[in-house]
Structure formats: C-alpha cells, structure tokens
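Just below is one structure, and these are the notes that go with it.
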Amino acid sequence: MNKKLLSFAIIYTLIMIVLGGVVISHITSEKKSEEVNSSESTSVEINEIKNLIKTGDEDAALQKCDEIILHSDEDISDNTSGGFFLMWILVAVNILGVLLVLLYVNSRILRPFEKMKGFASEIAKGNLDVGLKVERGNYFGDFTWAFENMRKEIIKSRNTEKTAIENNKTVIATLSHDIKTPMASIRAYVEAFEANMDSTPEKRQKYLSILTQKCDEVSKLTNDLFVHSISEMNRLEVREESMDIISFLDKDVRGLFAYDDEVDITFPVAVNPDEDTIMVTADPKRLLQIVENLKSNSEKYAKTRISISLEVLDETEEEAGVRLHFRDYGPGIAEEEIPFITGKFYRGRNSGKEDGSGLGLYIVNELVNKMNGKMNIYNKNPGLDVVIDIAY
C-alpha cells in the first residue's frame, strides 16, 4: 500500500480506538451513577420491608422482597447485555471499512497512476521500448490505452522518418552520380573548343547545341537534387556579419546579370555608391542566394527587366535598417494567393507551363527569417514587388 495511505490508516485506527475508549469510559461513569441511585432506592425499599414486618404484614413484605430481587436481576441482565462489546464491534467494523476503502483507492487509482507516471518519465527520456499494460478496469484505463497507442505511433513515425531519410540519401546519391555524365560531356566539348576542333560553323553550332543540352540536363538534375534535399532547409547555416549593402548591390548583385539593361539598381539620392557605405548585419553568401532566387523567378515568370532599389529606414524606428525592393513588371500574383506563395512547393495559378518546384520564394523567406529580417510581397500592377527588411 502507498506509504501515505498506510500512515493515514494507522492514525485513523488509533483515533477510533481512543474515541471508543472515551465513549466506554463515559458509559461506565453513567452506570456507576445509576448503581448509586439504585442502591439508595434499594435502601428505601428495605426500610419499607422492615416497617411491613413490624406491622405484621408478612405477605406484603415478601412481595416487596420479590420485586427487589426481580429488579436487581433485570439490572444485572442489562449490564451483561450492555453496549461494551457492541461498541468495540462497531469500532472494528468502522476501521475495517476505512481500510477496505483505502485498499480500493490504492489498487484502482494510486497504483495505476504511479505506473502511468513511470511510463511518461521513460517516454520523456526517449525510451520507447517500455510498454504500458492496458487495464480498462481502473479509472485510468482509457488514459493507459491512449498513452500506449501514442507510444506505438511515435515508434511508427520514427521508423517512417528513418526510412524516408535513407531513401532521400539514396536518391541524392543517385542524382549526384547522374550529374557526372553530362558534366563529363561538357568538359569534353569545352576541351574540343580549346583544341580548335570547331573548324567549321556547322561543328561550332553542333558543339554549342550539345553544350546547351547538357547544361539543361545538369540544371534539371540539380533541381531534382535540391527538391529531395529541401527537408534539410532548416539546417542551413547563416553566418551573419557586418557588410556594406551598397558595395554588395553595386558589385555582387550587378555581377549576376550578363547585360546592363536586365537590371536597374537605384540608391537613395543622398547616397553615392562610389564613396558611401551602409553597414548592415547579414550573411553575404545567403543574401546573394536570395537575389539569385528572385532573379530566377522574375526571368521565368515575368520575363521583364528587374528593378532593385535601396531604401534607408528611419533610425528612430524600432527596427532600423535598410529595405530592399525587388520588382519585376510581369503579371504579378493573384491577391488571394499571396499569403500562401511562400509555402513549400506552392505554385501560383499563373505559373503556366513553366518548369518549377515551388521553392524559390520559400527559400527566400526562410533565409530572410534566419537573418532576423522580414519579407513582404505586393502587387504593383504591373509587376510584383518583393520587399526585404534588413537590420543594421
């Protein structure tokens, strides 16, 4: 039995014994008082018998003696069949009843609860091998059934996750191997160009067509590879550092575009890109990855030039920093789709037949959040404006 219940049972038994003793003591004192009163009454009656004898009324005296004897026997009978024994029986029954209740509480409530507590503790430690016997008869039967099913579902989920990870590794390894084949062809034709084997325009055109085809194959395989590895997105490392956002836009971002007319990069009027610096806290590598994704999206769906503008936020604002606007001049996105467009694998209705995996804006949003920034998307009619805030 539970130690607390056992202590309670012992204390309750002692209290009942003490109370029984007090009650019996009280009854005994009352009996003594009655005996005293009876003795006084008997003395009076004896005097009456004496007076009857003196007067010569012997029959009345004998009758009075018989009444005294009968009354005395009744008192002895009452005392013999009195409540002492009955009192102790009642006390014992009461104690036994309480003990039975405590035993029931211990077996049906406390013991199953202790088992559940131990089970939950093992689960919290990650030990899923420990089982919990389902006992529908106790008050926690439904809970034990639910906890046991939860354990089985967790085991099932972990096994599924483990299988998925292994399958994902296999797919990535296979795709990585497949990339080597077109890359080998690309290298071979590049070496052919270096060896001046493209002696005629027809050969050159053939070589260029094959190179373009192989590049497309590599692009497709790398896209598949990225889709299968997107589950590791939350493990991408972001190493923030102090960087000059003006130099980044004027050199690194501009270098992503082959032709100057593909992009317009504008700075605030008071900023001179050749002289001024604005330091922000970000990861230059990941920030360039963000720009590449936005550039790729614009080229694929908008098919227009891109405007990139820098806005310096008021230093008195709580989140002082800079705001980057990436705008194209295409059809934009349906307003009702904007809240969902950064979701994993989500593609808008206007994506048409363009190849894509629905990961571009998802990646951008994830990386911005990892750099403690904020991203918003607005329709500009025409075009789409992706706004990114970066803190100093």
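Reckoned from all heavy atoms, side chains included, excluding hydrogens, waters and symmetry mates. Since this is a predicted model, take the numbers as computed values, not measurements. Residue numbers count from 1 along this sequence.
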Any salt bridge between Arg239 and Asp283, counting N to O under 4.0 Å?
no
How close do Pro331 and Ala302 get, heavy atom to heavy atom, and via which atoms?
CD-CA, 4.3 Å
When every non-hydrogen atom of Pro268 is compared with those of Val312, the smallest separation belongs to CG-CG2, 4.0 Å
Using the salt bridge (charged side-chain N to carboxylate O under 4.0 Å, His left out) criterion, which residues pair with Glu191? Sequence neighbours excluded.
Arg187
Please check if atom CZ in Arg204 has more than 12 non-hydrogen atoms from other residues, nucleotides or ligands closer than 6.0 Å.
no
Arg254 vs Leu249, test: side-chain contact (heavy atoms from CB on, under 4.5 Å). Steps then yes/no.
CA-CA 6 Å; Arg254 200 181 294 276; Leu249 292 174; over 6 Å; no
Glu292 backbone acceptor or donor facing Ser296 side chain under 3.5 Å
no
Which residues pass the salt bridge (charged side-chain N to carboxylate O under 4.0 Å, His left out) test with Asp252, sequence neighbours left out?
none
First locate atom CD1 of Ile377, then atom CD of Glu337, and finally report the distance between them rounded to the nearest 0.5 Å.
11.5 Å
Atom CG of Asp244 and atom NZ of Lys251: how far apart are they, to the nearest 0.5 Å?
8.5 Å
Does the side-chain contact (heavy atoms from CB on, under 4.5 Å) test come out yes or no for Val387 and Leu324, once each step is laid out?
CA-CA 6 Å; Val387 181; Leu324 297 175; over 6 Å; no
For Tyr378, the ring-ring contact (aromatic ring centres under 6.0 Å, His included) test, sequence neighbours excluded, returns none
Answer yes or no: is there a side-chain heavy-atom contact under 4.5 Å between Val322 and Leu313?
no
Is there a side-chain contact between Ile341 and Ile333 (heavy atoms, below 4.5 Å)?
yes
For Val280 and Ala391, which heavy atoms make the closest approach, and how far apart are they?
CB-O, 3.5 Å
For Ile308 and Val263, run side-chain contact (heavy atoms from CB on, under 4.5 Å): C-alpha distance rounded to whole Å, both residues' side-chain angles, the deciding distance at 0.1 Å, then the answer.
CA-CA 7 Å; Ile308 302 175; Val263 62; 3.9 Å; yes
Heavy-atom side-chain proximity of Leu211 to Phe193 below 4.5 angstrom
yes
Test of understanding: clusters of I, L, V, M, F, W, Y form through side-chain heavy atoms closer than 4.5 Å, transitively. Do Val271 and Met243 belong to the same one?
yes
Counting only heavy atoms from other residues, nucleotides and ligands, does the tally under 6.0 Å from CG of Asn272 exceed 12?
yes
Is there a path of hydrophobic side-chain contacts, each under 4.5 Å between heavy atoms, that joins Val253 and Met279?
no
Where do Asn293 and Gln289 come nearest, in terms of heavy atoms and distance?
ND2-O, 2.9 Å
Output the distance between atom CD1 (Ile390) and atom CZ (Phe248), rounded to the nearest 0.5 Å.
7.5 Å
Return yes if some donor-acceptor pair links the side-chain N/O of Asn369 with the main-chain N/O of Asn365 below 3.5 Å, else return no.
yes
Any Lys/Arg nitrogen of Lys295 or Glu299 sitting under 4.0 Å from an Asp/Glu carboxylate oxygen of the other?
yes
Quiz question: by atom type and distance under 3.5 Å, do the side chains of Tyr329 and Ser307 form a donor-acceptor pair?
yes
Quick one: does Asp328's side chain have a donor or acceptor within less than 3.5 Å of a partner on Leu384's backbone?
yes
At what distance, to the nearest 0.5 angstrom, does OG of Ser309 lie from CG of Asp385?
7.0 Å
Would you mind reporting whether Ser298 and Thr304 have side-chain heavy atoms less than 4.5 Å apart?
no
The test is side-chain contact (heavy atoms from CB on, under 4.5 Å); show your working for Asn297 and Leu361 and say whether it passes.
CA-CA 8 Å; Asn297 266 19; Leu361 290 177; 3.6 Å; yes
Short side-chain to backbone donor-acceptor contact, Thr281 and Tyr392, under 3.5 Å
yes
If you round to the nearest 0.5 Å, how far is CG of Leu256 from CD of Glu262?
10.5 Å
Qualifying residues under side chain to side chain contact (heavy atoms under 4.5 Å, CB included), relative to Ile210, sequence neighbours excluded:
Tyr189, Lys206, Lys214
Rounded at 0.5 Å granularity, tell me how far CG in Leu288 sits from CG in Leu367.
11.5 Å
Mind checking salt bridge (charged side-chain N to carboxylate O under 4.0 Å, His left out) for Glu311 and listing every partner two or more places apart, or none if nothing turns up?
none
Shortest non-hydrogen contact from Arg327 toward Pro382
NH2-O, 2.8 Å
Are side-chain heavy atoms of Phe267 and Ile278 found at a separation under 4.5 Å?
no
List in chain and number order the residues that pass salt bridge (charged side-chain N to carboxylate O under 4.0 Å, His left out) with Asp264, two or more places apart in sequence or in another chain; answer none if no residue qualifies.
Arg305
